[in-house]
Amino acid sequence: MQQSRFIRHMSRHWQKHVMMLPVLGILLLFNYVPMVGIAVAFEDYLPSEGFFGSPWAGLEWFKYMFTMSSFTSVIWNTLFISLLKIVTLETASVIFALMLNELRLQRTRSVIQGAAIFPNFLSWVVCAGILKDVVAQEGILNQLIGALTGRNISFLTDPGWFRVLLVASNIWKDAGYNAVIIIAALAGIDPALYEAASIDGAGRFQKMRHITLPGISQIVAMLTILALGGVMNGGFDQIFNLYNATVRSSSEIIDTYVYRKGINSGMYSLGTAVGLFKSAVGTALLIASHKAAMKYAGYRIF
Amino acid sequence: MNVERAISRKNSRLRRKTAYDYINTVLLVALAAIGISPFLHLIAVAFSSGNMTSQYLVSLWPREFSTEAFKEVFADNKMLVASWVSVKRVFLGTVITMALTILTAYPVSLPDREFKPRKFYVTFMMITMMFGGGLIPCYILNSRLHLVNSIWVLVVPGAIPIYNVIVILNFFRNIPSSIREAAMIDGANDFKMLLRIYVPLSVPCFATLITFCVIGHWNAWFDGMLYMREADLYPLQTYLQAKISSISNIKSQQKVEQMMLVSDRSLMYAYIALACIPIMLVFPVLSKYIKNGLILGSVKE
């Protein structure tokens, strides 16, 4: 009976299962096998001995990890930089979207929009290459700052100013694109609302305050909540391409730390342990943020 | 009387609007100008003489116009090789990703009652979105699979972005079920249904995803740095990354021979400018899609 039901199912649906074979295979090999590979964090992994031959280490690496002072500062940097970037980026995007939405000149608007989203499509290798030169000690930005204030700012070597650079360059690269996503949500607002408000004598700012802002609040909430789910990331590409040893104290994040320790110094087990810590916290945050997005912003995946 | 008052009120509002519009427009134009000024600087420096650029005398317009930097880049054989690797990668990656993503999206776009195991597949995919083994286990795995120095490591492990699957399946869901039923009555099987009905109806959606895919592969650099051990296997962005770090490292030496035709700055900027060209080529298409509100997957009805 069970058998025949299976055959009946397969005779009707085998093609769909065949379609799912590639994704099944690829995810199994490249996503699920590495999950098992996390066991490396619990052994003294030696590349010559391999995964099965390396000696067991138990929780040694985790103990080591939590006693390291650099680890605490790495976690702190990650959270601080991420949160700072999320708050500033969302604020900038909303302001930019509102300004752009008020712009009536269509031609100008599309040019500005194009200029704003362009950096989003370049890699951080390219952007950091340009930025490192622009903000350098003799660079064009410091020439400008020097002409205005008579001083220079060491964006690339001062730990505090480096964070400013991270925040500002993040806005430069992503705010335009975010704003366009928000503007797409604005298109969904019923124009009758604006007409009704005009008849009631609402001014431009009143309409912005009482119609536009509530209209985009949902998508902004969703973008923010989903970004909060990725708070353990902090932006590897950006930081790796911009930073250097002098500002490491203020800008080393978990991902760059894992790369330096795990790949560059060959401490595979330590790297995996730190990575596992990140994944565990990250997954909890991601699930929580998706739940929150579903509840408060009507977001739904699949 | 009432009408008059309404008109006068409207006029006053119009006047206020123009003042506001003026400030808003000026601010926006200024912001956009600041936003693109690094790129103007990039082009200006790349086309200036080494004499000017090494003394940081170029701002937004070339001085002592020179194409020497570009000549030097074109003479760099490794740059051409890296570009070719990138082109191969973009082509392979886009074709594989699009084919497999479309294939995956079809069964999971069907309603539960039509394809019961859908739930299993969805969960299977969701888990990979939420949790991953992390960098080191993936690195160990790919090394053990002898994927090091192979172009396949750049395109296969991430061949099916689940996010793209979601975008396509949402598009598939909006196809009216009556079309599907009609095709089923005509005896279409699943493959025929996908190829003859779903795919032709979803071309605009695919076009956007393809552009994103091309850009994503063109811009990827980290996997190349991880898995390619020889410089002539680097994709362009990885090569560029290595080049930029090496150029900023030899800065001190260059001071000695400042009067060269090409400074390391204009050279670096010439490299960067060339790496941006493909993005500039697809950008008009891209911005058109984006302007039309095709921001995929982010808003759902």
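Because only heavy atoms are used, hydrogens play no part in the values below, and waters and symmetry mates are left out as well, while side chains stay in. To find a chain, count down the sequence lines: A is the first, B the second, and so on, and within it residues start at 1.
- For a residue to count as touching a neighbouring chain, one of its non-hydrogen atoms must lie under 4.5 Å from one of that chain's; by this rule Phe51(A) does not touch chain B.
- Across all their heavy atoms, Ile117(A) and Ser287(B) have their closest contact at CD1-CB, 4.1 Å.
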Throw together a table of side-chain donor-acceptor distances under 3.5 angstrom for residues 279-286 of chain A, partners on residues two or more places apart or in other chains.
residue: Ser279(A); atom: OG; partner: Gly275(A); partner atom: O; Å: 3.0
residue: Ser279(A); atom: OG; partner: Gly132(B); partner atom: O; Å: 3.4
residue: Thr283(A); atom: OG1; partner: Ser279(A); partner atom: O; Å: 2.6
residue: Thr283(A); atom: OG1; partner: Met130(B); partner atom: O; Å: 2.9

Walk me through it: do Phe96(A) and Leu28(B) pass the test side chain to side chain contact (heavy atoms under 4.5 Å, CB included)? CA-CA 8 Å; Phe96(A) 188 58; Leu28(B) 277 172; 3.4 Å; yes
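- Neither the backbone nor the side chain of Ile102(B) comes within contact range of chain A; no heavy atoms are under 4.5 Å apart.
- Of the two parts of Met193(B), neither the backbone nor the side chain holds a non-hydrogen atom closer than 4.5 Å to a non-hydrogen atom of chain A.
- In this structure a side-chain-to-backbone donor-acceptor pair under 3.5 Å is present from Gln143(A) to Tyr56(B).
- When each of Tyr45(A), Trp14(A), Phe205(A) is scored by its heavy-atom pairs under 4.5 Å with chain B, the top score falls to Tyr45(A).
- Using a 4.5 Å cut-off between heavy atoms, Leu42(B) touches chain A through its side chain atoms alone.
- A parallel orientation is assigned to the rings of Tyr268(A) and Tyr139(B), their planes being inclined by less than 30° (bins at 30° and 60°).
- Among residues at least two apart or in separate chains, side chain to side chain donor-acceptor pair (under 3.5 Å) pairs with a member in residues 99-109 of chain A are Glu102(A)-Arg204(A).
- Of all non-hydrogen atoms in Leu103(B) and Pro22(A), the two that sit nearest each other are CD2-CG, 4.2 Å.
- Both the backbone and the side chain of Phe131(B) come within less than 4.5 Å of a heavy atom in chain A.
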Begin from the C-alpha positions of Phe124(B) and Leu28(A) and carry the test side chain to side chain contact (heavy atoms under 4.5 Å, CB included) through to its verdict. CA-CA 9 Å; Phe124(B) 187 83; Leu28(A) 207 57; 3.8 Å; yes
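- Proximity to chain A (any heavy atom under 4.5 Å) is restricted, for Leu147(B), to the side chain, taken from C-beta onward.
- Proximity to chain A (any heavy atom under 4.5 Å) is shown, for Val45(B), by neither the backbone nor the side chain.
- Rounding to the nearest 0.5 Å places CD1 of Ile160(B) at 6.0 Å from CG of Leu27(A).
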Should Trp221(B) and Asp237(A) be marked as a side chain to side chain donor-acceptor pair (under 3.5 Å) after you check the CA-CA gap, both sets of side-chain angles, and the distance that decides it? CA-CA 9 Å; Trp221(B) 59 279; Asp237(A) 283 22; 3.2 Å; yes
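- With chain B as partner, the option from Asn244(A), Leu103(A), Leu100(A), Val134(A) having the largest number of non-hydrogen pairs under 4.5 angstrom is Leu103(A).
- Within the 3.5 Å criterion, the main-chain N or O of Asp190(B) finds a donor-acceptor partner in the side chain of Gln15(A).
- Ranked by non-hydrogen atom pairs under 4.5 Å with chain A, the options Ser109(B), Ser37(B), Pro117(B) are led by Pro117(B).
- With a threshold of 4.5 angstrom between heavy atoms, Phe283(B) approaches chain A through side-chain atoms but not through N, CA, C or O.
- With a 4.5 angstrom heavy-atom cutoff, Val36(A) does not touch chain B via any of its atoms.
- Distance OG/Ser123(A) to CZ/Phe222(B): 14.0 Å, rounded to 0.5 Å.
- Interface check for chain A: of the options Leu31(B), Thr101(B), Val156(B), Ile127(B), the most heavy-atom pairs under 4.5 Å are formed by Ile127(B).
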Is there a side chain to side chain contact (heavy atoms under 4.5 Å, CB included) between Met225(B) and Tyr259(A) once you walk through the steps? CA-CA 11 Å; Met225(B) 186 173 90; Tyr259(A) 177 76; 3.0 Å; yes
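- Annotation for Ile244(B) and Gly129(A): closest pair CD1-CA, 3.9 Å, computed over non-hydrogen atoms.
- For Val282(B), no part lies near chain A; criterion is any non-hydrogen pair under 4.5 Å.
- Here the closest non-hydrogen pair linking Pro47(A) and Arg144(B) is O-NH2, 2.6 Å.
- Neither the backbone nor the side chain of Ile183(A) comes within contact range of chain B; no heavy atom of the residue lies under 4.5 Å from a heavy atom of that chain.
- The one candidate from Asp133(A), Val126(A), Leu122(A) that meets the side-chain contact (heavy atoms from CB on, under 4.5 Å) condition with Ile272(B) is Val126(A).
- Listed options Arg12(A), Met35(A), Met99(A), His13(A) were ranked by heavy-atom pairs under 4.5 angstrom with chain B; first place goes to Met99(A).
- Only the side chain of His9(A) comes within contact range of chain B, with at least one heavy atom under 4.5 Å from a heavy atom of that chain.
- Of all heavy-atom pairs spanning Pro157(B) and Ile26(A), the tightest one is O-CG2, 4.0 Å.
- Leu21(A) CG to Leu100(B) CG: the interatomic distance, rounded to the nearest 0.5 Å, is 11.0 Å.
- Note: Ile130(A) leads Leu276(A), Asn31(A), Ile130(A) in heavy-atom pairs under 4.5 Å with chain B.
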Starting from the C-alpha separation in whole Å, work towards a yes-or-no answer on side chain to side chain contact (heavy atoms under 4.5 Å, CB included) for Phe30(A) and Leu141(B). CA-CA 8 Å; Phe30(A) 293 108; Leu141(B) 173 74; 4.2 Å; yes
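- Proximity to chain A is absent for every atom of Tyr271(B), based on heavy atoms less than 4.5 angstrom apart.
- Put simply, the side chain of Trp172(A) gets close to the backbone of Gly35(B): a donor and an acceptor are under 3.5 Å apart.
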